[in-house]
Structures are given as structure tokens and as C-alpha cells.
Amino acid sequence: MSKLRPSLELVVPVPVGTWGLDGVVKSLRQSREETHNIRYRGQIRELPSREALQKILDGLSAALFPTHYGQPVLTDESIDYFVGDKLNTALNDLAEQVRRGLLFVSRQGDEDDAQPVLKTGNDAADLDREAIEITRNFASQLRHIRDVLVTDLQAAYHGDPAAHSVSEILVCYPGMTAIIYHRFAHALHNLGAPFLARLISRIAHSGTGIDIHPGAEIGSSFFIDHGTGVVIGETAVIGNRVRLYQAVTLGAKRFPADESGSLIKGNPRHPIVEDDVVIYAGATVLGRITIGKGTTIGGGVWLTHSVPADSNITQAQSRNV
């Protein structure tokens, strides 16, 4: 029998000073506070908590789909109490995370547009009120968000012959999880909480392999089949009844810079995909181009020019057939 590898407790202790930690720690402090200081006015800001945000997403999902993401034993009498409790907890926690995220949002007119305005004193109270207002407006959109998600759910059920029930889609399909999180994130992005929305998209990406920027506009009845490797850029506009398969990219073709060489942010640079478009696995669609209504783009296609409605783009030709 081979000898077992010694546990960490049996390893001979390393002599104190072996790593030269005093010098390393000092040099890192110098980098943080002198050479490469990225703090705003020397202040430390509290980041939103990814762990807290995951719990909020779980609570919101349970409020929208109580028997799937909440408790399957709910009755007609208890379900509203359950939803109210989940929403109350999730929205209270969300307001705090929104407040933290607002500390990292650049304000117009700041002396350095790349840095956010840190609010203190009375300004901090204004920030609290702004966070509560954003959260209240977000709550008012939850009915609409759920209505659109139901169309996404139906699109998945009718668009995938392997789907045997809507419950299977809600519980097992990563594409459904990604679009639920995106619709939450997109609402927060539009309400003025882009930092928090970006963190939600990061959580979705980690759990599903699907990367959707919260700024992307996505219509109803949206379906991502399989989903791993799908990338949808910030300024993409997607119509209704669009279906994507795994490894599809809706990206930018180039990144314009200003006179100083800095990239220009926010300008439209991602595709417009009109209604009833299907894009098969591995296709790459780049630039501010328009994919006409009813078009089918085959797997592996590299497309950088607009195509008219009802086109059929194949990998071999990459043109309107």
C-alpha cells in the first residue's frame, strides 16, 4: 500500500521572515496609496455584496415563481403571504445594495468623469433616498418583468422538443436563469443602478456561462437553447421571438477612440436583431448592423454586414442566399 500524503499539520514550519512580508506589504501599500491610487479622494467605499445580491435574486425569483423557486407546498391561502414576505425582505436588502452601488456611479459634472462622486453628510441622506426611490420603481416593474418572462418560458417550451414541461425549463435550463437575471438587471440599469446591474450579470455568467450585458435591450419570447458561451453586448437590440443557440456572439466590430486615444463609451456598436430571427450555434455577428426580420443565420457564420428580412445566411457563403 502506498504511503498517504502527509497532512498540512505535519509539514515542517517555515521560518519567520522567509517570505520577506514586511517589504512586500510596504510595497503594496505604496502601490495602493501613492503610485497607483484608485480611491476616490482617499476614501474607502463599501462594495455591494455578491453573496447578499445572490440571496436577493433568489428571493425575487421566488416571489415571481413561488412554487418553483419558493415552496412547492404553497396553497391559495398562503401563497400571497409568502410572496409578500419574500418581496419585503428582498427589496429591503436590495435598497442597501443599490445604495452601495451608487457610490461607484460617475456623476455628470464631476471633476474627473472616470471617478464617482462620494457622498457624505447630508449628501449621504440624499443617496439613501435615491436608493429607496430606485428600489421602489424597480418593485413597480416586477409585474411587467414577470409577464415578459412568461413569454420567454413559453418560447422555450414551444421551441425545444426536448422540453417536457415548463417546470423543467424553470428549474433546469440555464438560458431561463440567465434571462430572468437579465430582466432584473436591465430594469436596474435603466433606473440608474448600472454598477449593481453589472454585478447581477456577472452572477448570471458565473452560474450559466451566458454573458448578457444589462444594457442590452431584449424583446419578449426570447429563448437561448443550451446557452454556454453566448455573449450579448451592451448596446445590442433584440426583437421579439428571437432564438439563439450556444456560443453565439452579438459583439462589437471596432472600438472608436477620442482625440486622446481613450475609447468612446456608450455609442451604439452592437447588432440590431429584428423579430423572429434564429441564430445557430457558434455564429458571430459583429458591429452596428441589422439582421432583418425572419432571418436564419447558420452555425459558425462570421457576419459583419446587415442582411435584409427573410435572409438565409450559411457558413459556406456568408451572404444572402
Side-chain angles (χ1 to χ4, degrees), residues 54 56-76 79-80 82-84 86-87 90 138-190 197 200-201 203-214 216-232 236-248 250 273-281 293-294:
Q54 180 64 71
I56 291 167
L57 292 169
D58 292 341
L60 292 172
S61 299
L64 268 57
F65 299 98
T67 58
H68 289 90
Y69 298 131
Q71 296 180 4
V73 296
L74 292 170
T75 65
D76 287 342
I79 192 168
D80 285 343
F82 173 83
V83 170
K86 285 292 183 182
L87 283 177
F138 173 79
S140 71
Q141 295 185 23
L142 287 174
R143 166 61 192 273
H144 171 71
I145 290 173
R146 189 184 191 278
D147 289 346
V148 178
L149 285 171
V150 169
T151 71
D152 301 326
L153 183 59
Q154 293 170 341
Y157 180 72
H158 294 297
D160 184 5
H164 299 290
S165 69
V166 293
S167 296
E168 179 184 3
I169 295 165
L170 279 169
V171 175
C172 303
Y173 277 45
M176 193 66 209
T177 300
I179 193 60
I180 289 173
Y181 285 13
H182 172 73
R183 298 213 185 274
F184 291 150
H186 185 66
L188 289 167
H189 177 89
N190 288 346
I200 292 174
S201 72
I203 292 172
H205 187 198
S206 298
T208 66
I210 298 168
D211 186 0
I212 309 176
H213 192 285
E217 299 179 20
I218 300 178
S220 62
S221 300
F222 182 59
F223 176 37
I224 302 176
D225 200 354
H226 303 292
T228 304
V230 166
V231 176
I232 301 175
V237 178
I238 298 175
N240 300 320
R241 299 174 301 280
V242 171
R243 186 176 0 143
L244 307 182
Y245 287 81
Q246 65 271 22
V248 165
L250 303 180
V273 180
E274 295 185 343
D275 297 346
D276 303 301
V277 169
V278 179
I279 306 179
Y280 283 99
K293 180 178 179 180

Could you check whether any side-chain heavy atom of L60 comes within less than 4.5 Å of a side-chain heavy atom of Y69, counting everything from C-beta outward? no
Closest approach of A63 to K86 (non-hydrogen atoms, all atoms of both residues): CB-CB, 4.4 Å
Looking at A236, is its backbone amide N or carbonyl O close enough to the side chain of H213 to form a donor-acceptor pair, meaning the two atoms are under 3.5 Å apart? no
Please verify the inter-ring angle class for Y280 with Y245; under 30° counts as parallel, over 60° as perpendicular, anything in between as tilted. parallel
Counterpart residues, side-chain contact (heavy atoms from CB on, under 4.5 Å), relative to D58 (two or more places apart): Q54, Y181
Please check if the number of heavy atoms outside Y157 that lie under 6.0 Å from its OH is greater than 12. no
So, taking the atom named CD1 in I210 and the one named OG1 in T228, what distance separates them when rounded to the nearest 0.5 Å? 6.5 Å
Within the side chain of E274, is there an N or O that forms a donor-acceptor pair under 3.5 Å with the backbone of K293? yes
Of all heavy-atom pairs between L74 and P66, which one has the smallest distance, and what is that distance? CD1-CB, 3.7 Å
Begin from the C-alpha positions of D152 and I218 and carry the test side chain to side chain contact (heavy atoms under 4.5 Å, CB included) through to its verdict. CA-CA 11 Å; D152 301 326; I218 300 178; 6.0 Å; no
Between Q141 and A187, which heavy-atom pair has the shortest distance, and what is it? OE1-CB, 3.5 Å
So, the side chain of H186 versus the backbone of P214: is there a donor-acceptor pair under 3.5 Å, distance only? yes
Let me confirm one number: the CZ-CZ distance from R183 to R146, rounded to the nearest 0.5 Å. 13.5 Å
Taking all atoms of both residues into account, what is the closest heavy-atom pair of A62 and F82, and its distance? O-CE2, 3.9 Å
Flag the pair V273 / L244 as yes when at least one side-chain heavy-atom distance between them is below 4.5 Å, and no otherwise. no
Assess the residue pair L142 and F184 against the criterion (side chain to side chain contact (heavy atoms under 4.5 Å, CB included)); give the C-alpha distance rounded to whole Å, side-chain angles, the decisive distance to 0.1 Å, and a yes or no. CA-CA 8 Å; L142 287 174; F184 291 150; 4.0 Å; yes
Closest heavy-atom contact between A162 and H164? O-CD2, 3.3 Å
Do D160 and I169 touch side chain to side chain, with heavy atoms closer than 4.5 Å? no
Stepwise side chain to side chain contact (heavy atoms under 4.5 Å, CB included) check, T208 with I224: CA-CA 11 Å; T208 66; I224 302 176; over 6 Å; no
CD1-CG distance between I145 and L64, expressed to the nearest 0.5 angstrom: 7.0 Å
Look up atom CE in M176 and atom CG in L153, then write down how far apart they are to the nearest 0.5 Å. 5.0 Å
Indicate whether the side chain of S220 and that of N240 have a donor and an acceptor atom separated by less than 3.5 Å. yes
Quick one: does I279's side chain get under 4.5 Å of L250's, heavy atoms only? yes
Distance in Å, F222 CZ paired with L149 CG, rounded so as to fall on 0.5 Å steps: 12.0 Å
Got a second to check how far I180's CD1 is from I200's CD1, nearest 0.5 Å? 12.5 Å
Does the side chain of H68 pick up a donor-acceptor pair with the side chain of S167 at under 3.5 Å? yes
Got F65 and V166 here, is their nearest side-chain heavy-atom distance under 4.5 Å? no
